[in-house]
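For reference, the structure discussed in these notes is given below.
Please read all numbers here as calculations on a predicted model, not as lab measurements. So you know, we letter chains A, B, ... as the sequences are listed, proteins then strands, and number each from 1.
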There are 2 protein chains.
Amino acid sequence: MSGPSGAHGRIQSPDSGRPVARATMKDVAALAGVSLKTVSRVVNREAGVSPAVRERVEHAASRLDYSHNVHASNLRRANSRTGTVGALLQDVSNSFSASLLRTLEDVARAQQTAVLAASLDEEEGREIALVRGLVARRVDGLVLMPATSRHEYLASELRAGLPTVFVDRLPHGVDADSVTVDNVLGSRHAVEHLVRHGHRRIALLLDLGTIQTAQDRLRGCREAMDAAGIPDDDRVEVQNLRTSDAAEAAVRGFYRGGPSPTAIFAGRNDLAIGAVRALRSLGLSHRVAVIGFDDFPLADLLEPALTVVRQNVGQIGAEVGRLLFARIAGDTSPPRRVVIEPTLVVRGSGEIRPT
Amino acid sequence: MSGPSGAHGRIQSPDSGRPVARATMKDVAALAGVSLKTVSRVVNREAGVSPAVRERVEHAASRLDYSHNVHASNLRRANSRTGTVGALLQDVSNSFSASLLRTLEDVARAQQTAVLAASLDEEEGREIALVRGLVARRVDGLVLMPATSRHEYLASELRAGLPTVFVDRLPHGVDADSVTVDNVLGSRHAVEHLVRHGHRRIALLLDLGTIQTAQDRLRGCREAMDAAGIPDDDRVEVQNLRTSDAAEAAVRGFYRGGPSPTAIFAGRNDLAIGAVRALRSLGLSHRVAVIGFDDFPLADLLEPALTVVRQNVGQIGAEVGRLLFARIAGDTSPPRRVVIEPTLVVRGSGEIRPT
DNA sequence: TCGTCCCGTGACAACGTTGTCAGGACGATT
DNA sequence: AATCGTCCTGACAACGTTGTCACGGGACGA
């Protein structure tokens with residue numbers, strides 16, 4: 001088949017196995033004995049090519065392992081799409097971002113579109129640099145779970161018509177589509193749930209105070225506590241927890257003496273995991289109530305199973321995909337703000353009563 | 001700032017807020033009163049532009065929200081890189097693929113490279129189509145956790161010099177770099193561990209028989225059983241389990257009568273989870289031993305904590321990244337096969353003795 | 001004063017593709 | 001037989017960028 005006798009110099013280098021430039025339409029045209037334009041017609045399945053010529057061109061193309069260059073094609077075409085969208089998420093390896101990416105990918109694939117994925121790790125500079133990179137690659141759309149708190153830097157892109165959907169966090173300083181969860185509501189419900197089960201001394205574990213969702217969750221908790229008339233003395237708020245380990249350490253600290261919380265609300269899933277670890281090692285898993293924000297795999301298999309506020313990732317992702325591709329398809333209606341209501345998933349850990 | 005008086009017709013459409021074509025170097029050149037080439041020089045930070053001109057060009061560029069078009073640039077450049085690699089994984093939302101993606105992303109970012117990620121879900125057609133798409137996008141490299149069992153279809157790309165690294169599964173029919181785990185060894189160790197704890201009647205839960213890793217894991221188990229002289233009657237092999245639910249159902253089946261296994265080896269992490277669910281609901285969690293292949297978050301928090309064969313994802317990802325970018329940088333040494341030894345992580349569930 | 005060199009700048013072609021248009025062959029129509 | 005229309009094909013320019021080369025002018029040495 002691909003014997004060493006191949007003589008179409010461009011692809012198979014005669015002796016060395018070194019890579020050689022890819023065949024272009026010109027090469028195919030030469031081999032098939034037709035013009036460039038005819039090859040283009042065949043490749044794009046345009047009408048008006050005789051079967052015989054089409055056959056000859058296809059044969060030549062496959063003989064040369066011709067692969068269409070979409071970048072050159074897009075450059076020339078009028079209303080070109082690159083068939084690529086960007087997704088800048090918090091961290092593609094955490095289960096929330098990963099599930100979101102997956103749902104988005106499924107929507108994108110249905111539109112013949114590939115997804116460039118990257119993690120921001122709450123680093124503002126990274127976000128700016130990555131957006132620049134995506135724009136330079138002329139992505140058709142952008143999904144952004146921002147690390148920044150102000151988004152004016154996106155104004156020119158939005159003006160230029162870059163379809164952009166914010167997810168999990170709202171845009172500030174620019175107007176764009178967004179799909180977020182009602183964090184205030186979700187955490188208020190969680191704390192109300194704890195209060196209803198008799199808790200007064202409730203500890204809150206929260207992420208960086210600069211992150212909008214963390215702020216909202218804190219606000220929801222405070223609203224519920226205010227409504228329940230819980231005095232400041234009974235409130236424990238630990239902010240700026242970035243990792244599971246940090247949460248674990250914080251929770252250990254609670255039980256080293258003094259009046260200790262009978263319930264814990266963890267404002268992010270890995271903080272809940274840290275809390276569970278701490279309680280487990282202190283032998284308190286069945287004595288201190290825990291509710292986490294954001295469900296995760298296996299939360300139901302813990303002992304006790306973890307009660308959580310669940311954000312429906314599938315719904316979020318689908319909503320993001322719908323919005324994004326509607327914009328890409330030309331929808332120019334005013335930006336939409338989709339807010340999804342989280343639900344409390346009762347599993348056991350949140351229903352433990354204070355001792 | 002961006003008042004409606006803006007008069008540089010190309011970007012800001014006068015009345016409608018409709019998106020308008022992006023500014024090109026030509027526009028910048030016109031506004032700055034210089035030639036195209038000079039703009040190119042400034043944009044690419046080439047030497048030999050007087051500070052005054054440079055300043056003028058930069059000002060014009062920012063006024064027009066100019067964004068460099070890397071596709072046009074790459075088209076023209078000699079040894080162009082697109083600064084994009086593709087990662088075709090089993091499912092970006094499962095923790096193994098997601099972690100791998102993340103590690104790869106980190107390596108890629110260090111090389112100014114973006115990652116196109118997609119999930120194959122064991123669908124062969126999808127793999128072929130996605131590879132074609134990535135090649136058409138002229139990715140600089142490809143990471144592949146293949147769904148197919150034969151890879152001849154990649155031969156022409158490899159010949160054309162597309163850097164490709166197989167991960168988790170070996171290439172068949174072509175020669176390429178790979179990073180895999182010694183599945184035979186890992187599962188043999190797991191079963192040996194169970195045998196050492198007194199088990200004879202051991203059930204195996206396995207993925208599709210067409211998947212290489214599943215085959216290898218089965219082989220490892222059988223080797224250990226053969227060595228231990230376990231009779232066929234004591235062996236229970238359930239193959240073609242695709243989901244956690246399927247595994248759960250299978251395990252439930254074991255305990256509906258007849259001689260039931262005293263230990264379970266689950267050949268994939270979600271199969272282990274299914275097994276744990278089943279045992280939990282049957283009240284057997286502390287009576288039947290379980291070992292899973294592939295670690296996952298929270299395995300240590302289960303009750304009992306899950307003993308697993310761990311594949312070091314960080315190491316795998318780093319290895320993949322190293323190989324890939326070495327190839328991209330021009331390394332043409334013969335393909336390498338990196339095999340990583342998995343380790344048994346003892347946590348409790350695998351040390352339960354038969355009753 | 002002249003020639004040389006260097007520096008900053010621009011004209012032009014080219015990357016791989018597609019849109020536009022024109023032309024040739026051929027059968028059908030008058 | 002001349003005319004027309006249809007069908008197939010190709011020449012050429014253009015997309016946005018960069019590599020090559022050439023040009024004009026000022027500094028410098030002879």
Pick out the pairs of N or O atoms, protein on one side and nucleotides 5-7 of chain C on the other, that lie under 3.5 Å.
none

Residue-phosphate contact under 4.0 Å: [X] side-chain N/O, [N] OP1/OP2:
X	N	answer
B:Thr38	C:dT9	no
A:Arg77	C:dT18	yes
A:Thr24	C:dC15	no
B:His68	D:dT18	yes
B:Asn74	D:dT17	no

For [X] and [N], what is the distance between atoms [atom1] and [atom2] respectively, to the nearest whole Å?
X	N	atom1	atom2	answer
A:Arg76	D:dG16	CZ	C1'	12 Å
A:His71	C:dC15	NE2	P	18 Å
B:Lys37	D:dC23	NZ	P	18 Å
B:Arg22	D:dG16	CZ	C1'	13 Å
B:Arg138	C:dT17	CZ	C1'	11 Å
B:Asn44	D:dT20	CG	C1'	15 Å
B:Arg41	D:dT20	CZ	C1'	11 Å
B:Met25	D:dG19	CE	P	10 Å

Quiz item: Between the two end axes of the helix from C:dT1-D:dA30 to C:dT30-D:dA1, each built from 5 base pairs, what angle do you get to the nearest 10°?
Solution: 60°
Do the non-hydrogen side-chain atoms of [X] and [Y] ever get within less than 4.5 Å of each other?
X	Y	result
B:Asp175	B:Leu158	no
B:Glu157	A:Arg22	yes
B:Ile328	B:Gln111	no
B:Leu154	B:Leu144	yes
A:Asp121	A:Arg126	yes
B:Thr24	B:Asn69	no
B:Met25	B:Ser35	no

Quiz item: Going by atom types only, do B:His68 and B:Tyr66 share a side-chain donor-acceptor pair under 3.5 Å?
Solution: yes
Practice problem: Return yes if a side-chain donor-acceptor contact under 3.5 Å exists between B:Thr84 and A:Arg137, otherwise no. | Solution: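 Distance-only check passes for B:Thr84 and A:Arg137.
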Quick test: give all pairs of protein nitrogen or oxygen and nucleotides 22-24 of chain C nitrogen or oxygen below 3.5 Å, distance rounded to 0.1 Å.
none

Of all the choices, [options], which nucleotide is nearest to the side chain of [X] once you look at every atom?
X	options	answer
A:Ser35	C:dT17, C:dG8, D:dG10	D:dG10
B:Ser73	D:dT17, C:dT9, D:dA11	D:dT17
B:Asn69	D:dT9, D:dT17, C:dT18	D:dT17
B:Leu75	D:dT18, D:dG16, C:dT9	D:dG16

Quiz item: Counting only heavy atoms not in B:His59, do more than 12 sit closer than 6.0 Å to its NE2 atom?
Solution: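 Open.
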Practice problem: Please report the closest heavy-atom contact between B:Leu142 and B:Leu134, naming both atoms and the distance. | Solution: CD1-CD1, 3.5 Å
Quiz item: How close do B:Arg54 and B:Arg45 get, heavy atom to heavy atom, and via which atoms?
Solution: NH1-CA, 4.4 Å
Once you apply a heavy-atom cut-off of 4.0 Å, does [X] come out as touching a base, just sugar-phosphate, or nothing?
X	answer
B:Val53	sugar-phosphate
A:Val49	sugar-phosphate
A:Ser40	base
B:Val34	sugar-phosphate

Self-check item: Working for side chain to side chain donor-acceptor pair (under 3.5 Å), residues B:Ser149 and B:Arg169
Solution: CA-CA 9 Å; B:Ser149 50; B:Arg169 303 170 192 184; over 6 Å; no
Self-check item: Residue mapping more 5' on DNA chain D - nearest nucleotide basis, A:Arg54 or A:Leu36
Solution: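 Going by which nucleotide is closer to the 5' end, it is A:Arg54.
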